[in-house]
There are 2 protein chains.
Amino acid sequence: MSELKGAAIFGQSGGPTSVINASAAGVIQEALKQGCITKVYGAAHGIKGILTEQFYDMSEEDSYELDLLKTTPSSALGSVRYKLKKAEDDDTDYKRMLEVFKKYDIRYFFYNGGNDSMDTCNKISKYMQNSGYECRVMGVPKTIDNDLWGTDHCPGFASAAKYVATSTMEVYHDARVYDTGMITILEVMGRNAGWLTAATALAAYKGNGPDLIYLPEIPFDMNKFIEETSEIYKKNGKVIVAVSEGIKDKDGTYISEYGSDTAKTKDAFGHAQMGGLAATLANIAKEKTGAKVRGIEFSLLQRCATHWGSLTDVNESYMAGQMAVKYAAEGKTDYMVAFERAEGTEYKCNIKLINLTEVANTEKKIPREWINAEGNGLTQAFIDYALPLIQGESHPPLENGLPRFAKLKKVLATK
Amino acid sequence: MSELKGAAIFGQSGGPTSVINASAAGVIQEALKQGCITKVYGAAHGIKGILTEQFYDMSEEDSYELDLLKTTPSSALGSVRYKLKKAEDDDTDYKRMLEVFKKYDIRYFFYNGGNDSMDTCNKISKYMQNSGYECRVMGVPKTIDNDLWGTDHCPGFASAAKYVATSTMEVYHDARVYDTGMITILEVMGRNAGWLTAATALAAYKGNGPDLIYLPEIPFDMNKFIEETSEIYKKNGKVIVAVSEGIKDKDGTYISEYGSDTAKTKDAFGHAQMGGLAATLANIAKEKTGAKVRGIEFSLLQRCATHWGSLTDVNESYMAGQMAVKYAAEGKTDYMVAFERAEGTEYKCNIKLINLTEVANTEKKIPREWINAEGNGLTQAFIDYALPLIQGESHPPLENGLPRFAKLKKVLATK
């Protein structure tokens, strides 16, 4: 394909991870190198920044600070949860976007996010195509939930998994300190897919993990939970249970909603807000067993702990961003960059491209055969899958004993 | 003093820290070297293990595993919360302990713990003296609360502080990801003294910390909290508040107990809701400001996160254990090992000894002049105090991307 000269814009979308900025560094640093890319813009708060012409000139940033993005948590440019309407129903936002793209001669659009964001990316891509405006659109995946379709795994998952597994091992030790009984409930993020909760099985694999793991892939049965927990409690005195925030009963009701009515507040995408599940289950376990209980929610910590990242994840996340730019410069468009695991015993991750249409809004869940027959733990197949991803240690450089995170100048672009 | 030949016993007591095992390593490895010490026992669950003759022969352990104790969280020998009665009132336990000491010819007793444990240590020391049984008794301090009297700081505090400050910095970034308002409440351990909550000021010192810090040293005023939070919310849209679990109102009622009234709302199963302090305050902030809120409890994570320890703390904790043994071997008894900060600009920590009678049950709180005039933050004096303590990084060796913690054989001692 012929060379396409023009500016590039990059945006971050959805809930952050501890490595979404590593992908940002990959996109920005590679885009600054490409001769066909005349300007590199970073959108403030994803497409919201495009719609409002709030974006930064990334050439103004120090390269040291861009490097630091690899170990800086959260979305350095700001993120957004903004659902684009279907262009057929209301094309206001699309028209506005096209206007902005034309004004700044934006010919490259890179969008970094999860399921909803890939849907956004897909819609924009199709709109630009239908409008006859040449713009290469590439999605860069990210989500601690690891639930994007068509990729072996998602940037962000492994670092969260390493943090969750390590913290579980540490809590396992702490919860055994007294010779009295105790039931500990660990609540892990993951609305519809249990990948991150399953990561606690890595701690179990090391001999310091949960006795029971409940995933959203398997309908949650309160009586079964009480039975299984009580049995282990009677036998061992200590029980550790990991649960996904998104576990639902057979009727599809979130167990976290059992706890309160207020949890029915929905976010912009219509998802129910989660929270308080660990406390709810701990309370029930206490009532049924008389045990001392503790509910622990990994909360935001699990998605922003760059101090304990997977180096594999950081490198792959950077590569995902970098390759999105390289492929676009070569003429590719309308794809999401994805990971493919090479055959063989040694772990190797290759890049492939998936059509945005295919990936948008399709969720990848844990295969049933990776979950044990009882539906309360993982099999070796999951361990074999996850273990290579958490290898290597990444943490920010330290100044005075504490992390030194990137500080961007954020110079607003002007026309 | 003349050489005293005999066995040594060591016990861990109270809530664990991420470095209490570093002190254990210091005591055990030094005791195994001392010629005057004929046997080294590790008591299972502190004095409970002595009373029941459940203790391990530490010479049976591999030296590699003992080294690993420096980076293994929780109490490897098991801990206990056991309040000894005054010997004048009931000397049953004391008599039993003397019997066991005589049976195993125990002439050295090392006890590792916080305020209550130093009280236990003191009582045992005095009883042995009064019984005319020669036994050298040394307390080794530990507590993430940092509230032991007579020592510049306590082993365990700095690692917890480093973890809390780092996690606060990370959450600070995460909580700024969207361009919508949000109030985040961080709940930190510390029942009567606010040292660990104050550690969030280190994050603020780095520019990524809480706007408001409420400590148990200052009576908590709900209206002031609402006013101060609302004001910052109106101005900045983002508010981060750090609170100590032990904040109390002017009448001495724990704010965490306020929650239990509103938390009496029953869930679908008719269980009362367990409301943590962070959740309670977050709810109140939400009600008053309409903001999106999030309550985060660092929970057990803050006291067992060896993956992000302070190397200064690990080394000092080891040294505290080691020096307790050296001093005892030299003839010292009835003391707690304590830290003294050397004069001068460069940080240096020396060991001193404090009479157990003096230290027992006296709590050290944050000096009023280290807290700002408004009572909602710390002054530079606290930063100057705390910053040297969190220097240097310590984490366990990794195997397959996850920590390798010590595995003790725990061979029960026999007579």
Side-chain angles (χ1 to χ4, degrees), chain A residues 15-16 18 44-45 48 72-75 78-81 162 165-167 169-171 173-179 184 202-203 206 208 222 258-260 276 279-280 282-284 287 294-297 299-301 303-308 310 387 390-393 398-403 405, chain B residues 15-16 18 44-45 48 72-75 78-81 162 165-167 169-171 173-179 184 202-203 206 208 265 267-269 271-276 279 294 296-301 303-308 310 387 390-393 398-403 405:
Chain A
S18 66
H45 301 286
K48 215 163 173 180
T72 299
S74 186
S75 307
S79 189
V80 70
R81 289 190 187 278
K162 190 182 182 92
T166 301
S167 298
M169 289 178 72
E170 290 171 339
V171 166
H173 278 80
D174 195 292
R176 271 167 169 68
V177 72
Y178 301 117
D179 63 351
T184 307
L202 295 169
K206 296 280 286 184
N208 300 160
M222 191 63 82
Y258 286 20
S260 77
T280 301
N283 226 9
I284 291 169
E287 196 173 287
R294 196 182 272 265
I296 298 176
E297 208 185 322
S299 190
L300 296 185
L301 305 170
R303 73 177 193 193
C304 64
T306 48
H307 76 267
W308 197 245
S310 152
L387 209 50
I390 64 159
Q391 299 304 309
E393 284 68 57
L398 290 127
E399 272 178 16
N400 242 333
L402 289 171
F405 294 133
Chain B
S18 67
H45 300 288
K48 214 163 171 179
T72 299
S74 187
S75 306
S79 189
V80 69
R81 289 191 188 278
K162 189 181 182 93
T166 301
S167 299
M169 289 178 72
E170 290 171 340
V171 167
H173 277 80
D174 196 291
R176 271 166 170 68
V177 73
Y178 302 117
D179 63 351
T184 307
L202 295 169
K206 297 279 286 184
N208 300 161
T265 25
D267 67 15
F269 286 82
H271 311 114
Q273 282 277 77
M274 284 209 317
R294 197 181 271 265
I296 299 176
E297 208 185 322
F298 287 125
S299 191
L300 296 185
L301 304 170
R303 72 176 193 195
C304 64
T306 47
H307 76 268
W308 197 246
S310 153
L387 209 49
I390 63 159
Q391 299 304 309
E393 284 68 58
L398 290 127
E399 272 178 15
N400 242 333
L402 289 171
F405 294 133

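Quantities reported herein were computed from a predicted structural model and do not represent experimental measurements. Quick note on labels: first sequence line is chain A, next is B, and so on, each numbered from 1.
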Enquirer: Which bit of B/Leu398 comes within less than 4.5 Å of chain A, counting heavy atoms only: side chain, backbone, both or neither?
Expert: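 Just the side chain, heavy atoms under 4.5 Å.
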Enquirer: Of all of B/Ala175, B/Pro73, B/Gly15, which one pairs up most often with chain A through heavy atoms under 4.5 Å apart?
Expert: B/Pro73
Enquirer: Return the option, out of A/Asn208, A/Asp179, A/Leu202, A/Val171, with the maximum number of heavy-atom pairs under 4.5 Å with chain B.
Expert: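 Highest number of heavy-atom pairs under 4.5 Å: A/Asp179.
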Enquirer: If you count heavy-atom pairs under 4.5 Å with chain B, which of A/Ser167, A/Ala165, A/Ser75, A/Ala305 comes out on top?
Expert: A/Ala305
Enquirer: Using a cut-off of under 4.5 Å on heavy-atom pairs, state which of B/Ala44, B/Ser299, B/Ser18 scores highest against chain A.
Expert: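 Highest number of heavy-atom pairs under 4.5 Å: B/Ser299.
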Enquirer: Counting C-beta onward and ignoring hydrogens, is there a side-chain heavy-atom pair between B/Glu170 and A/Thr306 closer than 4.5 Å?
Expert: yes
Enquirer: With rounding to the nearest 0.5 Å, note down the distance linking CD1 in A/Ile296 to CG in B/Leu300.
Expert: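 The distance works out to 4.0 Å.
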Enquirer: Name the region of A/Glu393, side chain, backbone, both or neither, that has any atom closer than 4.5 Å to a heavy atom of chain B.
Expert: side chain
Enquirer: When heavy-atom pairs shorter than 4.5 Å are enumerated against chain A, which of B/Ile390, B/Leu402, B/Thr166 gives the highest number?
Expert: B/Leu402
Enquirer: Nearest 0.5 Å please: distance from the CG atom of B/Leu301 over to the CG atom of A/Asp174.
Expert: 9.0 Å
Enquirer: Any idea how A/His307 and B/Trp308 line up, ring-wise: parallel (<30°), tilted (30 to 60°), or perpendicular (>60°)?
Expert: tilted
Enquirer: Of all the heavy-atom pairs spanning A/Tyr178 and B/Pro16, show the shortest one and how long it is.
Expert: OH-CD, 4.5 Å
Enquirer: At a heavy-atom separation under 4.5 Å, does B/Val80 approach chain A through its side chain, its backbone, both, or neither?
Expert: backbone
Enquirer: Given a strict heavy-atom distance threshold of 4.5 Å, which part of B/Thr72 is in contact with chain A: side chain, backbone, both, or neither?
Expert: side chain
Enquirer: Below 4.5 Å, heavy-atom pairs only: which of A/Gly392, A/Ala203, A/Gly401 has the largest tally toward chain B?
Expert: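 The answer is A/Gly401.
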Enquirer: Is A/Lys206 reaching over with its side chain to a backbone N or O of B/Glu399, donor-acceptor style, under 3.5 angstrom?
Expert: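 A pair under 3.5 Å: yes.
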Enquirer: Which heavy atom of B/Asn400 sits nearest to which heavy atom of A/Gln391, and what is that distance?
Expert: O-NE2, 2.8 Å
